[in-house]
2 protein chains.
Amino acid sequence: MAKYKDIADDIREKIKNQEYTFGQKLPYEYVLCMSYHCNKETMKKALDILVKEGLIIRRRGAGTFVKDYDSSIENATNKFARGLTAKYEGIKEVTSQVLEFEVIPADEHLSKKLQIEPGDFVYHIIRLRFLDKKPHLIDISYMPISLIPNLKLEHLKGSVYEYIEKVLKLKIQSCHLTINAALSTPLEQQYLELNEYEPYIQEEQISYLSNGAIFEYTLARHHYADFEFQTIVVQQ
Amino acid sequence: MAKYKDIADDIREKIKNQEYTFGQKLPYEYVLCMSYHCNKETMKKALDILVKEGLIIRRRGAGTFVKDYDSSIENATNKFARGLTAKYEGIKEVTSQVLEFEVIPADEHLSKKLQIEPGDFVYHIIRLRFLDKKPHLIDISYMPISLIPNLKLEHLKGSVYEYIEKVLKLKIQSCHLTINAALSTPLEQQYLELNEYEPYIQEEQISYLSNGAIFEYTLARHHYADFEFQTIVVQQ
DNA sequence: GAGTGGTCTAGACCACATC
DNA sequence: ATGTGGTCTAGACCACTCT
């Protein structure tokens with residue numbers, strides 16, 4: 001683990017524990033560098049992480065200040081996991097009901113999304129996911145079998161991500177998200193308790209491994225009333 | 001403008017012009033440093049921008065590769081502007097109809113969102129925004145009058161951001177976005193052509209200036225069928 | 001082992017904010 | 001004028017991938 005990430009973790013904790021409180025000016029760069037025994041560039045990398053998470057703001061000529069914690073979002077790793085692994089804070093129990101689990105050849109559309117050849121075999125998985133026993137989203141997933149061998153029903157009941165990272169030792173590197181909405185079909189009406197003529201909200205997710213391969217194309221469909229997505233955009 | 005941003009701009013152009021094409025390996029760091037006359041760290045900063053934009057992927061021990069351009073999103077500056085200035089590609093005409101323009105004292109809720117004192121005066125603006133003459137979203141905005149003096153009706157018909165950046169010479173630094181949905185009220189039903197019992201999708205946006213002040217709290221309400229939002233999450 | 005990216009440092013110099 | 005962050009460099013060393 002890189003030093004700058006450790007420093008970011010440490011300062012993040014201090015903000016969360018209100019050792020540094022809203023509006024407070026942090027010690028300036030030189031002092032922080034001294035206390036963490038690091039170089040200025042390293043400290044900047046650390047603080048830039050917190051800037052991207054919306055925890056602090058840095059102003060040339062003025063200083064570094066703690067932002068309103070409530071308006072910031074969880075750190076990028078958690079945000080990253082949000083789509084499917086459902087690490088929802090304060091909610092104890094995440095369960096899944098597997099509605100479909102089969103292997104099919106990729107059609108034209110799928111082969112483009114997954115950057116594979118048409119006809120290559122992929123898992124086709126539909127899961128209904130519950131938070132505290134309340135149906136929360138329908139999750140339609142496609143993954144190339146060549147990348148994710150030996151996927152079993154039991155993995156689907158827990159976290160597929162855990163299987164990929166802990167068992168297969170693959171690293172998830174990035175994902176491309178698109179959020180939109182569409183009128184519900186009987187599938188969503190049945191499981192998300194939507195009425196006819198009511199839309200669902202969909203997160204389309206294309207996920208990359210650290211080796212550059214796309215391992216997943218997922219459509220997560222939510223009840224519109226349950227959906228929330230947060231992000232922070234920082235001018236470069 | 002920083003050198004690393006210039007280099008990123010240059011390489012981004014080469015990818016968009018397909019001088020570097022999908023899947024292609026870029027020259028490795030040393031060669032790029034030579035041709036741009038810069039240091040390794042500077043080149044890394046440049047390439048990291050493109051990684052965050054989803055244009056390239058970097059793999060330690062392997063190289064730097066161009067991602068599928070179609071699946072990447074417009075650069076951060078455009079994405080940043082997306083919320084309100086509506087630089088929608090391929091669409092010629094963005095117009096606004098001002099439904100409400102008044103100054104009110106901030107209530108408890110607003111004062112928290114804008115981080116001002118309750119009672120401080122704020123603009124309250126409701127606009128209906130059209131893309132190519134089609135009603136596209138309703139935009140409910142609150143801005144402290146102390147930060148944005150002399151806002152006129154004419155500014156609302158064009159881009160408020162342009163007034164803030166070009167006339168007031170203030171810099172917009174970051175914004176916090178929250179996307180959710182809620183059942184439409186008569187306001188949305190009337191202007192977005194929604195039926196009763198149909199939801200709208202809302203982008204809540206809290207925007208910061210480079211001096212750390214919050215200058216805007218906006219609710220942009222979209223017809224659910226028109227809404228799309230893209231983002232890329234990269235593991236740190 | 002060779003190729004390639006990632007991190008860290010010391011120090012120089014620049015840009016902006018505030019007084 | 002002083003305080004503070006931002007950028008850039010040269011060079012060292014480390015970590016991962018490929019084969």
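Reminder, nothing fancy here: chain letters follow the sequence lines and each chain counts from 1. The figures here come from the full heavy-atom set of this structure, side chains too, leaving out hydrogens, waters and symmetry mates.
Nearer the 5' end of DNA chain C, as judged by each residue's closest nucleotide, is the contact made by B/Gly63, out of A/Tyr4 and B/Gly63. Closest-nucleotide positions on DNA chain D for A/Lys25 and B/Ala62 were compared, and the one nearer the 5' end corresponds to A/Lys25. Between B/Lys171 and A/Lys5, the residue anchored nearer the 5' end of DNA chain C, judged by the nucleotide with its closest heavy atom, is A/Lys5.
Residue-level contact check: B/Lys3 touches the backbone only, with heavy atoms under 4.0 Å from sugar-phosphate atoms and none from bases.
Whole-Å rounding puts the A/Ile49 CD1 to C/dT7 P distance at 9 Å. Following rounding to the nearest Å, A/Leu32 (CG) and D/dT4 (C1') show an atom-to-atom distance of 12 Å. Whole-Å rounding puts the B/Tyr36 OH to D/dC8 C1' distance at 17 Å. Taking atom CD of B/Gln235 as the reference point, atom C1' of D/dC16 lies 17 Å away to the nearest angstrom. With rounding to whole Å, B/Asn39 atom CG is found 14 Å from D/dT7 atom P. The separation between A/Arg60 atom CZ and D/dG3 atom C1' is 13 Å, rounded to whole Å. Across the protein-nucleic acid pair, B/Met1 atom CE and D/dT7 atom C1' stand 13 Å apart, rounded to whole Å. To the nearest angstrom, P of C/dT9 lies 10 Å from CE of A/Met43.
You'll find that the side chain of B/Lys44 is closest to C/dG6, out of D/dC8, C/dG6, D/dT17. For B/Lys40, taking side-chain heavy atoms from C-beta onward, the closest of the listed nucleotides C/dT18, C/dG5, C/dC13 is C/dG5. Closest to the A/Glu41 side chain, of the nucleotides D/dG6, C/dT7, C/dA10, is C/dA10.
If you check the side chains of A/Asp10 and A/Tyr36, you find a donor sitting under 3.5 Å from an acceptor. Using a 3.5 Å distance cut-off with no hydrogens or angles, the side chains of A/His176 and B/Lys67 do pair a donor with an acceptor. Side-chain polar atoms of B/His222 and B/Gln202 form no donor-acceptor pair below 3.5 angstrom.
A sub-4.0 Å separation between OP1 or OP2 of C/dT7 and a side-chain N or O of A/Thr42 is absent. Phosphate contact (OP1/OP2 of C/dT4, side-chain N/O of B/Arg58, threshold under 4.0 Å): absent. Not one side-chain nitrogen or oxygen of A/Thr64 sits closer than 4.0 Å to the OP1 or OP2 atom of D/dT4.
Test A/Lys44, A/Lys45, A/Lys52 against A/Asp48 for salt bridge (Lys or Arg N to Asp or Glu O under 4.0 Å) and you get one pass: A/Lys44. When each of A/Glu108, A/Glu216, A/Glu204 is tested with A/Lys113 by the rule salt bridge (Lys or Arg N to Asp or Glu O under 4.0 Å), just one qualifies, namely A/Glu204.
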